[in-house]
Protein chains: 2
Amino acid sequence: MPQPRKQHLIDTAYRLFNEHGYHATGIDLVLAESGVSKATLYKYFRSKEELILAVLQQRHEQQIALIQRTMEQARENAEPPALAIFDALDNWFRSEAFFGCNFINASAEYAQDDDAIHQLAARHKARVQQLIEDNLGALGEDKAPLAAQLSLLVDGAIVYAHTRGDKNAAKLAKKMAARLLVG
Amino acid sequence: MPQPRKQHLIDTAYRLFNEHGYHATGIDLVLAESGVSKATLYKYFRSKEELILAVLQQRHEQQIALIQRTMEQARENAEPPALAIFDALDNWFRSEAFFGCNFINASAEYAQDDDAIHQLAARHKARVQQLIEDNLGALGEDKAPLAAQLSLLVDGAIVYAHTRGDKNAAKLAKKMAARLLVG
DNA sequence: GCCTAGGTGAACAGATCTGTTCATGTCAAG
DNA sequence: CTTGACATGAACAGATCTGTTCACCTAGGC
């Protein structure tokens with residue numbers, strides 16, 4: 001087993017950061033909830049910031065994989081891949097563990113754009129947007145701005161759902177996305 | 001002069017909360033930057049949370065007033081008031097002091113939906129959406145979902161601009177909004 | 001001059017934060 | 001049985017946090 005405790009720390013921290021935010025979640029709480037000792041945490045991570053970055057990095061990879069799977073499945077069903085993202089959002093909003101997007105929330109807490117955490121969030125969003133663009137199919141040469149608009153809709157839906165506690169945000173955004181795709 | 005120090009505390013705290021976030025901004029920093037003593041702060045506010053709520057409440061009133069003014073001016077110029085909001089966003093994104101929306105950021109840091117700060121943010125967003133709905137003009141009976149969609153676009157533009165540092169988000173959102181309004 | 005209201009500055013309490021150190025415990029391989 | 005790798009628990013340092021208290025100062029009204 002490769003580093004089971006490191007992984008357990010990341011998973012526990014991920015949950016707590018979501019529920020209570022990054023600054024509000026102390027290292028001691030992560031340790032208590034995970035049952036790992038403080039010395040072990042600081043063996044795997046040089047600082048709390050490094051733990052945060054590891055959590056976001058893992059979440060980044062999971063999200064990208066989920067989006068790719070969702071789009072692939074949609075293409076098999078002869079549906080527009082870009083629209084399928086909003087169905088995935090809909091599922092997410094209706095799950096118990098929805099406290100907004102990790103990256104948007106991290107951007108909010110680390111608001112300065114030269115902060116490493118803020119920049120990681122920006123890179124994640126750019127990667128998602130690129131993924132959308134790559135899956136637009138044969139839609140003329142204006143793919144880039146269209147992907148940007150769809151990406152903006154994704155962020156809008158997430159924030160709308162979280163701040164207002166309104167789980168219908170994904171459907172709302174999907175209608176707008178569908179309009180964009182018909183040209 | 002009615003309570004000039006109280007106002008000064010709110011203004012200073014507003015700036016610092018924006019730049020560094022709510023948890024990351026300590027009371028002591030607000031005091032140092034404002035030049036007010038700690039005893040005075042705790043005379044006007046029973047706790048840090050109350051100061052945060054006062055900052056958000058003031059920001060709420062200012063935002064509502066700005067949106068109303070923007071829409072009124074647009075109507076005088078025979079432009080769609082709902083679209084004018086995105087021009088106001090564009091100005092905001094290009095100003096120096098743009099660190100995202102106070103209410104979205106506060107929602108992110110106080111992620112639990114039963115938190116007083118989270119709820120104040122939700123009420124603000126609902127009020128803005130109501131304002132949009134009231135200014136849709138003669139657009140059939142489906143004003144409510146249209147206002148919700150425009151509100152989602154506003155949030156999307158703000159988050160897009162802040163996380164990615166892309167100031168063109170307002171124009172991107174405005175194009176989508178214009179599409180929605182033509183019916 | 002005197003009183004009062006409001007503000008300051010500084011000290012203080014008590015909690016909590018990140019990060020370090022180290023003696024002890026455990027367990028598997030040789 | 002011994003060794004080594006790994007983890008624990010607890011104490012510790014030092015900073016920082018919110019919130020309280022109080023002696024002092026200052027300015028305006030009488």
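Within every chain, numbering begins at 1; the chains are lettered A, B, ... in the order of the sequence lines, protein sequences first and strands thereafter.
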Quiz item: What are the residues of residues 42-52 of chain A, sorted by number, that bring a heavy atom to within less than 4.0 Å of DNA chain C?
Solution: A:Tyr42, A:Ser47, A:Lys48
Quiz item: With distance as the sole test, does B:Thr12 use its side chain to make a donor-acceptor pair with the main-chain N or O of B:Leu9 at under 3.5 Å?
Solution: no
Quiz item: Under a 4.0 Å heavy-atom cut-off, which of residues 15-23 of chain B touch DNA chain C?
Solution: none
Quiz prompt | Nucleotide C:dT18, atom P - distance to CD1 of A:Ile27 in whole Å | solution = 5 Å
Practice problem: Measure the distance from NZ on B:Lys6 to C1' on C:dG7 and round it to the nearest whole Å. | Solution: 16 Å
Quiz item: Which pairs, with at least one residue in residues 113-130 of chain B and sequence neighbours excluded, count as a side chain to side chain donor-acceptor pair (under 3.5 Å)?
Solution: A:Tyr160-B:Gln129, B:His60-B:His124, B:Lys125-B:Asp155, B:Gln130-B:Asp134
With a cut-off of 3.5 Å and sequence neighbours excluded, list every side-chain donor-acceptor pair involving residues 63-75 of chain A.
unit_1	atom_1	unit_2	atom_2	d
A:Thr70	OG1	A:Leu66	O	2.7
A:Arg75	NH2	A:Asn135	OD1	2.2

Quiz item: Can you tell me if B:Lys143 uses its side chain to pair, donor with acceptor, with the backbone of B:Ile132 under 3.5 Å?
Solution: no
Quiz item: Under the 3.5 angstrom rule, does the side chain of A:Ser34 hit a backbone N or O of A:Leu31 as a donor-acceptor pair?
Solution: yes
Exercise. Would you check if there is a donor-acceptor pair between the side chains of A:Tyr44 and A:Arg5 at a distance under 3.5 Å?
Key: no
Quiz item: Atom CG of A:Leu29 to atom P of C:dC17: distance rounded to whole Å?
Solution: 8 Å
Practice problem: Answer with yes or no whether the hydrophobic clustering places B:Ile104 together with A:Val154; edges join I, L, V, M, F, W, Y residues whose side-chain heavy atoms lie under 4.5 Å apart. | Solution: yes
Self-check item: Shared hydrophobic cluster for B:Leu180 and B:Leu152 (ILVMFWY, side-chain gaps under 4.5 Å)
Solution: yes
Practice problem: Write down the distance between CG (A:Leu9) and P (C:dT18), rounded to a whole number of angstrom. | Solution: 14 Å
Quiz item: Distance under 6.0 Å and angle within 45° of the ring axis: does A:Lys6 meet both against A:Phe45?
Solution: yes
Quiz item: So, the side chain of A:Thr25 versus the backbone of A:Gly21: is there a donor-acceptor pair under 3.5 Å, distance only?
Solution: yes
Quiz item: When the distance from CG of A:Leu41 to P of D:dG9 is rounded to whole Å, what number comes out?
Solution: 14 Å
Restricting to nitrogen or oxygen on both sides, can you table the protein-nucleotides 8-15 of chain C pairs closer than 3.5 Å?
unit_1	atom_1	unit_2	atom_2	d
C:dT8	OP1	B:Arg5	NH1	2.9
C:dT8	OP1	B:Gly35	O	3.4
C:dT8	OP2	B:Ser37	N	3.1
C:dT8	OP2	B:Ser37	OG	2.9
C:dT8	OP2	B:Thr40	OG1	2.8

Quiz item: A:Phe93: what forms a ring-ring contact (aromatic ring centres under 6.0 Å, His included) with it, not counting sequence neighbours?
Solution: A:Phe98
